[in-house]
**Q** 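Attaching a single structure in structure tokens format; questions to follow.
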Amino acid sequence: MALLIGEVLANAARVAPRSLASTLGDDAITFAELDERSNRLANGLAGMGIGRGDRVLWWGDTTLDALPLFGALAKIGAVFAPLNARASLEEIRPVADYARARLVLADDAHSEAARELGVPFAPTIEPGAATPPVVPELDERDVHVIFFTSGSTGRPKGVVLSHRANWLRTYVGATTTTGGAGVVCMFPLFHMAGWTIALGAWQGRRPIHLVPVPDAETLLTTAVRHRASRLYCIPAVWARILDHGVDRYDLSSLVEADTGTSATPPELLRAIKDALPGTVTRVFYGSTEAGPGVQLGDDDLFRKPGTVGLAQPGVDVRLVDGEVCMRSAFLMDGYFDAPDATAEVLRDGWYHTGDLGALDDDGYLAIVGRARDVIRTGGETVAPVEVEHVLASHPAIAEVAVVGVPDPRWGEVVTAVVVVRAGTPPPSLDDLRAFCEGRLAGFKQPRRIEIVGALPRTAATGQVQRTLVVERLLTR
């Protein structure tokens, strides 16, 4: 049997046609409806000439309409490439140019901007027949999705995942997640994690409960409303949930209260366990490129504090000069149209994560730093140079370095270290964030500003020493 993502939807529809596949607010879709709508869209797209290997951009907020589109493209062998719904047209334009897509689709909120991307735009798709499309040449190693992520240069890179990789990544979740009432998903659907959680739920014939915004009230009321069995949140969101308080909500259906994607302080894990004593909590470590590679189980949370756990089944982990490297059958194929960037991180079947780690005698992995400059904040990735390019044009700024400073809530916070232009009043944090509006997505904007007299630079090349910048901030 070929490991094709379209078959995940078809199998769920055969086994549990009337069961919920997903909800969003008052809207819901069953597995039968999801499969039929994906068939109709697949045949409609095929009628437009979209086929195997064609890249289709989707720019939209979280909506149930994205689910059948995701399935439709998989069924005809086309490539689903979601764009960040929070990003501006200025930020998206180079991504669209890089993708060289055949088509862009968008929700109402993004359709006007999508027309400006220079890619053929379809306001709607005329549905075709409800029967499954016939595409006999589909192969499990065909490209299924491309997720765009910023690298240390700030230029977009497209992470290429095959049908096989996505199937194997999500099968693990289907076999380890308990409870049939589904999972509440905090992630937007332009994010790899949202689709990983969805496919894991669907492989187990369980629903994914989406939310329009991941605030504490919405997440908790969604869990209560659907008697959800799993809630996965990044540490920053768990902190907001705990600050909000859970005592007013009937969360007795929850079996799993999981976290990951950024550093998780042991104090936060203890707070989750105290607030939800009837659940198991696990910490997951991975990336878009590598998938869910490492897991810290509930029994090990306080036995192995500060670690992210053991390699998951089918994953090998090793350290090379202190850098965490992973190998598995579900690594990315590479970065789209970027052979040099691919060769830099994929070597002899091993993915070099850019994280610095330590392994104890029992094989438990701890993340101790970053080998590269990319900032991870609240589950998102930010390239410092991208933020610097925007801030450098501020009239009060002579020089700027953007770094990630460790933070218990966000993992890291985007911090602007600024040398003020002579004779100019220093800008405030509010000034900088207002200046970034329309130029940078909210998660990329600085959350902290530090005024300094000079930036530390290397003597030979004049490059900013980011590590020294962070060290000085931490010792203030």
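Basis for what follows: all heavy atoms, side chains included, without hydrogens, waters or symmetry-related copies.
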**Q** Salt bridge check, Arg55 against Asp337: does any charged N sit closer than 4.0 Å to a carboxylate O?
**A**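 Here Asp337 does not pair with Arg55 in a salt bridge, since their nearest N and O are not under 4.0 Å apart.
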
**Q** Just jot down the side-chain hydrogen bond (donor to acceptor under 3.5 Å, both in side chains) partners of Arg37, sequence neighbours excluded, or say none.
**A**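 Applying side-chain hydrogen bond (donor to acceptor under 3.5 Å, both in side chains) to Arg37 gives Asp65.
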
**Q** Closest approach of Thr131 and Asn43, non-hydrogen atoms and distance?
**A**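 For Thr131 and Asn43, the tightest heavy-atom pair comes out as O-ND2, 2.8 Å.
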
**Q** How long is the span from the CG atom in Leu319 to the CG atom in Leu356, to the nearest 0.5 Å?
**A**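 Output value for this atom pair is 9.0 Å.
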
**Q** Are the side chain of Ser229 and the backbone of Gly182 linked by a donor-acceptor contact shorter than 3.5 Å?
**A**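 A pair under 3.5 Å: yes.
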
**Q** Please report the shortest heavy-atom distance between Ile146 and Gly158, naming the atom on each side.
**A**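 In this case the closest contact between Ile146 and Gly158 is CG2-CA, 3.6 Å.
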
**Q** Restricting to ring-ring contact (aromatic ring centres under 6.0 Å, His included), what partner residues turn up for His352, sequence neighbours left out?
**A**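 Residues passing ring-ring contact (aromatic ring centres under 6.0 Å, His included) with His352: none at all.
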
**Q** Tell me whether Thr281 contacts the main-chain N or O of Ala257 through its side chain, where contact means a donor paired with an acceptor under 3.5 Å.
**A**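 It does hold such a pair.
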
**Q** Of the non-hydrogen atoms in Gly293 and Val315, which two are nearest, and what is the gap between them?
**A**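 Result for this residue pair: O-CG1, 3.6 Å.
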
**Q** May I ask you to test the Thr353-Tyr285 pair for a side-chain heavy-atom distance under 4.5 Å?
**A**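 Thr353 vs Tyr285: side chains touch.
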
**Q** Start with the C-alpha distance between His389 and Val385, add both sets of side-chain angles, then the distance that settles side chain to side chain contact (heavy atoms under 4.5 Å, CB included), and finish with yes or no.
**A** CA-CA 6 Å; His389 284 164; Val385 69; 3.4 Å; yes

**Q** Are side-chain heavy atoms of Phe187 and Ile197 found at a separation under 4.5 Å?
**A**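 A side-chain contact exists here, since the closest heavy-atom pair is under 4.5 Å.
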
**Q** Starting at CZ of Phe80, measure out to CG of Asn166 and round the result to the nearest 0.5 Å.
**A**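 Here the rounded value is 11.0 Å.
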
**Q** Are side-chain heavy atoms of Arg439 and Gln445 found at a separation under 4.5 Å?
**A**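 Result no, sub-4.5 Å side-chain heavy-atom pair not found.
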
**Q** What I want to find out is whether Asp407 reaches Arg448 closely enough, with some N-O distance under 4.0 Å, to be called a salt bridge.
**A**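 No.
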
**Q** Test side chain to side chain contact (heavy atoms under 4.5 Å, CB included) on Trp238 and Thr264; report intermediate values, then the result.
**A** CA-CA 10 Å; Trp238 270 121; Thr264 309; over 6 Å; no

**Q** Measure from the side-chain N and O atoms of Thr62 to the backbone N and O of Pro188, and report whether any donor-acceptor pair falls under 3.5 Å.
**A**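 Answer holds: no.
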
**Q** Considering only heavy atoms from C-beta outward, does the side chain of Trp59 approach that of Phe190 to under 4.5 Å?
**A**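 No; the side chains remain at least 4.5 Å from each other.
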
**Q** For the pair Trp167 and Tyr171, name the ring-plane relationship: parallel under 30°, tilted 30 to 60°, perpendicular over 60°.
**A**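 The arrangement is parallel - the two ring planes meet at less than 30°.
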
**Q** Is Leu103 close to Met48 at the side-chain level, that is, under 4.5 Å between some pair of heavy atoms?
**A**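 The answer is yes, as the side chains (C-beta and beyond) meet within the 4.5 Å cut-off.
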
**Q** For Val414 and Phe443: C-alpha separation, side-chain torsions, deciding distance, then whether side chain to side chain contact (heavy atoms under 4.5 Å, CB included) applies.
**A** CA-CA 8 Å; Val414 178; Phe443 68 86; over 6 Å; no

**Q** Excluding sequence neighbours, so at least two apart, what forms side chain to side chain contact (heavy atoms under 4.5 Å, CB included) with Asp258?
**A**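 If we apply the side chain to side chain contact (heavy atoms under 4.5 Å, CB included) test to Asp258, skipping adjacent residues, the hits are Arg230, Tyr232, Glu256, Arg282, Phe284.
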
**Q** Between Val402 and Pro446, is any pair of side-chain heavy atoms under 4.5 Å apart?
**A**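 Contact flag for Val402/Pro446 side chains = no.
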
**Q** List the residues meeting side chain to side chain contact (heavy atoms under 4.5 Å, CB included) with Ala343, not counting sequence neighbours, and say none if there are none.
**A**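 Applying side chain to side chain contact (heavy atoms under 4.5 Å, CB included) to Ala343 gives none.
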
**Q** For Ala396, is there any backbone N or O sitting under 3.5 Å from a side-chain donor or acceptor partner on His394?
**A**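 Yes, because the side chain of His394 sits within donor-acceptor range (under 3.5 Å) of the backbone of Ala396.
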
**Q** Enumerate, atom names and distances included, each donor-acceptor pair closer than 3.5 Å involving a side-chain atom of residues 5-22, sequence neighbours excluded.
**A**
| residue | atom | partner | partner atom | Å |
| --- | --- | --- | --- | --- |
| Asn11 | OD1 | Arg14 | NH2 | 2.0 |
| Asn11 | ND2 | Glu7 | O | 3.1 |
| Ser22 | OG | Ile208 | O | 2.9 |

**Q** Nearest 0.5 Å, what's the OG-CD distance between Ser328 and Gln312?
**A**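 With rounding to 0.5 Å, OG (Ser328) is 10.0 Å from CD (Gln312).
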
**Q** Could I get the full list of ring-ring contact (aromatic ring centres under 6.0 Å, His included) partners for His144, not counting sequence neighbours?
**A**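 Partners of His144 by the ring-ring contact (aromatic ring centres under 6.0 Å, His included) criterion, ordered by chain and then number, come out as Phe70, His163.
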
**Q** So, the side chain of Ser162 versus the backbone of Asp142: is there a donor-acceptor pair under 3.5 Å, distance only?
**A**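 Between the backbone of Asp142 and the side chain of Ser162 there is no qualifying donor-acceptor contact (under 3.5 Å).
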
**Q** So, the side chain of Glu289 versus the backbone of Met332: is there a donor-acceptor pair under 3.5 Å, distance only?
**A**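 Side chain of Glu289 to backbone of Met332, a donor-acceptor pair under 3.5 Å: no, none is there.
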
**Q** Excluding sequence neighbours, so at least two apart, what forms side-chain hydrogen bond (donor to acceptor under 3.5 Å, both in side chains) with Asp316?
**A**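 Here the qualifying residues are Arg327.
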
**Q** Of all heavy-atom pairs between Ala290 and Arg169, which one has the smallest distance, and what is that distance?
**A**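 Looking at all heavy atoms of both residues, the closest pair is C-NH2, 3.5 Å.
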
**Q** Please, which pairs that meet side chain to side chain donor-acceptor pair (under 3.5 Å) have at least one residue in residues 72-90, sequence neighbours excluded?
**A**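 Pairs touching residues 72-90 that pass the test: Asp35-Lys75, Ser38-Lys75, Asn39-Lys75, Arg86-Glu380, Ser88-Glu91.
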
**Q** Measuring from atom NE2 of His209 to atom CG of Leu231, what distance do you get when rounded to the nearest 0.5 angstrom?
**A**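 Result: 11.0 Å between the selected atoms.
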
**Q** Test Leu210 against every option in Val184, Leu189, Thr63 by the side chain to side chain contact (heavy atoms under 4.5 Å, CB included) rule and name the one that passes.
**A**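 Output: one option passes, namely Leu189.
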
**Q** Val79 vs Val160, test: side chain to side chain contact (heavy atoms under 4.5 Å, CB included). Steps then yes/no.
**A** CA-CA 9 Å; Val79 181; Val160 176; over 6 Å; no

**Q** Using the ring-ring contact (aromatic ring centres under 6.0 Å, His included) criterion, which residues pair with Tyr351? Sequence neighbours excluded.
**A**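 So Tyr351 forms no ring-ring contact (aromatic ring centres under 6.0 Å, His included) with any residue.
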
**Q** Would you be so kind as to tabulate the donor-acceptor pairs closer than 3.5 Å made by side chains of residues 109-124, with sequence neighbours excluded?
**A**
| residue | atom | partner | partner atom | Å |
| --- | --- | --- | --- | --- |
| His110 | ND1 | Asp107 | OD1 | 2.7 |
| His110 | NE2 | Ala85 | O | 3.0 |
| Ser111 | OG | Asp108 | O | 3.2 |

**Q** Is a side-chain donor or acceptor of Arg100 paired with a backbone partner of Asp97 at a separation under 3.5 angstrom?
**A**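 No, the answer is negative, given that no donor and acceptor are paired below the 3.5 Å cut-off.
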
**Q** Would you give the length of the straight line joining atom CG of Leu105 to atom CH2 of Trp58, rounded to the nearest 0.5 angstrom?
**A**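 With rounding to 0.5 Å, CG (Leu105) is 10.0 Å from CH2 (Trp58).
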
**Q** Does Val95 have any side chain to side chain contact (heavy atoms under 4.5 Å, CB included) partners at least two apart in sequence or in another chain, and if so, which?
**A**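 For Val95 the side chain to side chain contact (heavy atoms under 4.5 Å, CB included) partners, ignoring immediate neighbours, are Leu83, Phe148, Pro156.
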
**Q** Applying side chain to side chain contact (heavy atoms under 4.5 Å, CB included), can you list everything that pairs with Ala78, at least two apart in sequence or on another chain?
**A**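 If we apply the side chain to side chain contact (heavy atoms under 4.5 Å, CB included) test to Ala78, skipping adjacent residues, the hits are Ile50, Leu73, Ile76.
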
**Q** Any salt bridge linking Glu388 with Arg466? Criterion: basic side-chain nitrogen under 4.0 Å from a carboxylate oxygen.
**A**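 A salt bridge links Glu388 with Arg466.
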
**Q** Between Glu437 and Arg433, does at least one N-O distance fall below 4.0 Å, as a salt bridge requires?
**A**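 So Glu437 does not pair with Arg433 through a salt bridge.
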
**Q** Write down the atom of Cys233, the atom of Thr259, and the distance for their closest heavy-atom approach.
**A**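 Here Cys233 and Thr259 meet closest at O-OG1, 2.8 Å.
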
**Q** How far apart are the closest heavy atoms of Leu45 and Ala72, and which atoms are they?
**A**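 Nearest heavy atoms, Leu45 then Ala72: CD1-CB, 4.2 Å.
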
**Q** Would you compute the distance between atom CG of Leu41 and atom CD of Glu126 and round it to the nearest 0.5 angstrom?
**A**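 Reported to 0.5 Å precision, the distance equals 10.5 Å.
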
**Q** Please name the residue in the list Val382, Val387, Val413 that meets the side chain to side chain contact (heavy atoms under 4.5 Å, CB included) test with Ile375.
**A**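 When side chain to side chain contact (heavy atoms under 4.5 Å, CB included) is applied between Ile375 and each of Val382, Val387, Val413, only Val382 qualifies.
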
**Q** Are any side-chain N or O atoms of Thr218 and backbone N or O atoms of Pro214, one a donor and one an acceptor, separated by less than 3.5 Å?
**A**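 Here the side-chain-to-backbone pair does not exist.
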
